[in-house]
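Here is the structure we will look at, set down as structure tokens.
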Amino acid sequence: MNILEKIALVFTIIGGINWGLVGIFDWNLVEAIFGTGSVVTRIVYIVVAVSALINILLLFMRLDESQYDYSTDYPRKRATN
């Protein structure tokens with residue numbers, strides 16, 4: 001996982017937590033911190049949306065097999081004599 005993917009994941013988690021707070025407590029953390037309708041609030045929402053789109057792309061991308069070490073995966077092959 002590269003740095004862009006990690007950043008996108010963090011912002012997607014932040015967005016999910018914010019929606020959870022809205023759904024459970026009817027309280028928007030982003031608006032509470034940055035103000036309702038402020039430019040910063042809109043930027044946060046845009047960053048979360050772009051992060052979600054990146055995560056959607058990652059969901060459907062084919063994994064590059066060269067980045068994984070399959071020698072450590074289970075089940076391990078038994079040694080043959």
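For reference, positions follow the sequence shown, starting with 1.
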Identify every side-chain donor-acceptor pair in residues 18-26 under 3.5 Å, counting partners at least two apart or on other chains, and give the distances.
{"unit_1": "N18", "atom_1": "OD1", "unit_2": "L29", "atom_2": "N", "d": "2.9"}
{"unit_1": "N18", "atom_1": "OD1", "unit_2": "V30", "atom_2": "N", "d": "3.4"}
{"unit_1": "N18", "atom_1": "ND2", "unit_2": "N28", "atom_2": "OD1", "d": "3.2"}

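Following chains of ILVMFWY side-chain contacts shorter than 4.5 Å, one can reach V44 starting from W27, so the two form part of one hydrophobic cluster. Follow the hydrophobic side-chain contacts under 4.5 Å out from I14 and you reach V39 in the same cluster.
Separating the CD atom in E5 from the CG atom in L57 is a distance of 10.5 Å, to the nearest 0.5 Å. The CG atom of L58 sits 8.0 Å away from the CG atom of N2 when rounded to the nearest 0.5 Å.
Between the side chain of T41 and the main chain of G35, a donor-acceptor pair closer than 3.5 Å is present.
Scanning all heavy atoms of the two residues, the minimum distance from A8 to S51 falls at O-CB, 3.3 Å.
Residues forming a side chain to side chain contact (heavy atoms under 4.5 Å, CB included) with I13 (at least two apart in sequence, or on another chain): L9, I17.
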query = How far apart are the C-alpha atoms of F34 and R42, what are their side-chain angles, what is the distance that settles it, and do they pass the side-chain contact (heavy atoms from CB on, under 4.5 Å) test?
reply = CA-CA 9 Å; F34 301 114; R42 292 179 58 105; over 6 Å; no
